[in-house]
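Scroll down for the structure; my scribbles are underneath it.
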Amino acid sequence: EAPVAVASLGDTADGEGPSLEDQVLAALRGAAHPLPVVGIRDRLGPGVSGQQVRRILERAGSKVVASGDRPIRYRLRKG
């Protein structure tokens with residue numbers, strides 16, 4: 001599965017390019033199955049920490065569904 005291009009801080013600060021949240025959601029949208037945080041990070045590249053991904057997933061709670069098992073896997077909410 002192809003990685004998602006990560007915007008630099010400069011790209012997101014001035015409104016150009018997708019935000020990191022948009023990139024995380026795009027990674028989930030492009031996945032054939034639910035992904036753990038590590039899987040999302042692998043798609044975004046080395047410049048993104050697990051903490052950043054977890055915070056985005058927490059804020060996007062209405063858009064994502066978390067599994068009840070470990071490791072927690074995330075998918076986009078349908079509808």
Side-chain angles (χ1 to χ4, degrees):
E1 298 172 12
V4 175
V6 177
S8 70
L9 292 177
D11 290 342
T12 58
D14 63 6
E16 292 182 26
S19 68
L20 186 54
E21 180 176 350
D22 290 340
Q23 293 173 57
V24 168
L25 296 176
L28 290 174
R29 193 174 299 112
H33 50 80
L35 293 174
V37 170
V38 170
I40 297 168
R41 284 184 60 211
D42 288 346
R43 289 169 177 253
L44 299 178
V48 180
S49 72
Q51 180 73 22
Q52 287 174 299
V53 172
R54 282 187 290 278
R55 285 184 179 165
I56 288 168
L57 292 168
E58 288 172 7
R59 284 195 308 259
S62 64
K63 298 177 186 175
V64 298
V65 176
S67 69
D69 55 346
R70 298 274 180 189
I72 298 173
R73 296 177 186 276
Y74 298 88
R75 65 172 173 82
L76 287 180
R77 188 176 301 275
K78 295 180 181 174

Closest heavy-atom pair, I40 versus A27, reported as atoms and distance to 0.1 Å, is CG2-CB, 4.4 Å

Which donor-acceptor pairs under 3.5 Å do side chains of residues 70-79 form with protein atoms, sequence neighbours excluded?
residue: R77; atom: NE; partner: S62; partner atom: O; Å: 3.1
residue: R77; atom: NH2; partner: G61; partner atom: O; Å: 3.4
residue: R77; atom: NH2; partner: V64; partner atom: O; Å: 3.2

Between Q23 and L44, is there a donor-acceptor pair closer than 3.5 Å when you use the side chain of the first and the backbone of the second? no

Taken to the nearest 0.5 Å, the spacing of L28 CG from L35 CG works out to 6.0 Å

NZ/K63 to CD1/I56 distance, rounded to the nearest 0.5 angstrom? 11.0 Å

Residues which pass side-chain contact (heavy atoms from CB on, under 4.5 Å) with Q51, listed by chain and number, not counting sequence neighbours: S49, R54, R55

For a quick test of reading the model, state the closest non-hydrogen atom pair linking Q52 to G47 and the distance between them. OE1-O, 3.8 Å

Can you confirm whether V38 sits close enough to V53 that some side-chain heavy atom of one is under 4.5 Å from a side-chain heavy atom of the other? no

Give me each pair satisfying salt bridge (charged side-chain N to carboxylate O under 4.0 Å, His left out) with a member in residues 22-36, each pair once, sequence neighbours excluded. none

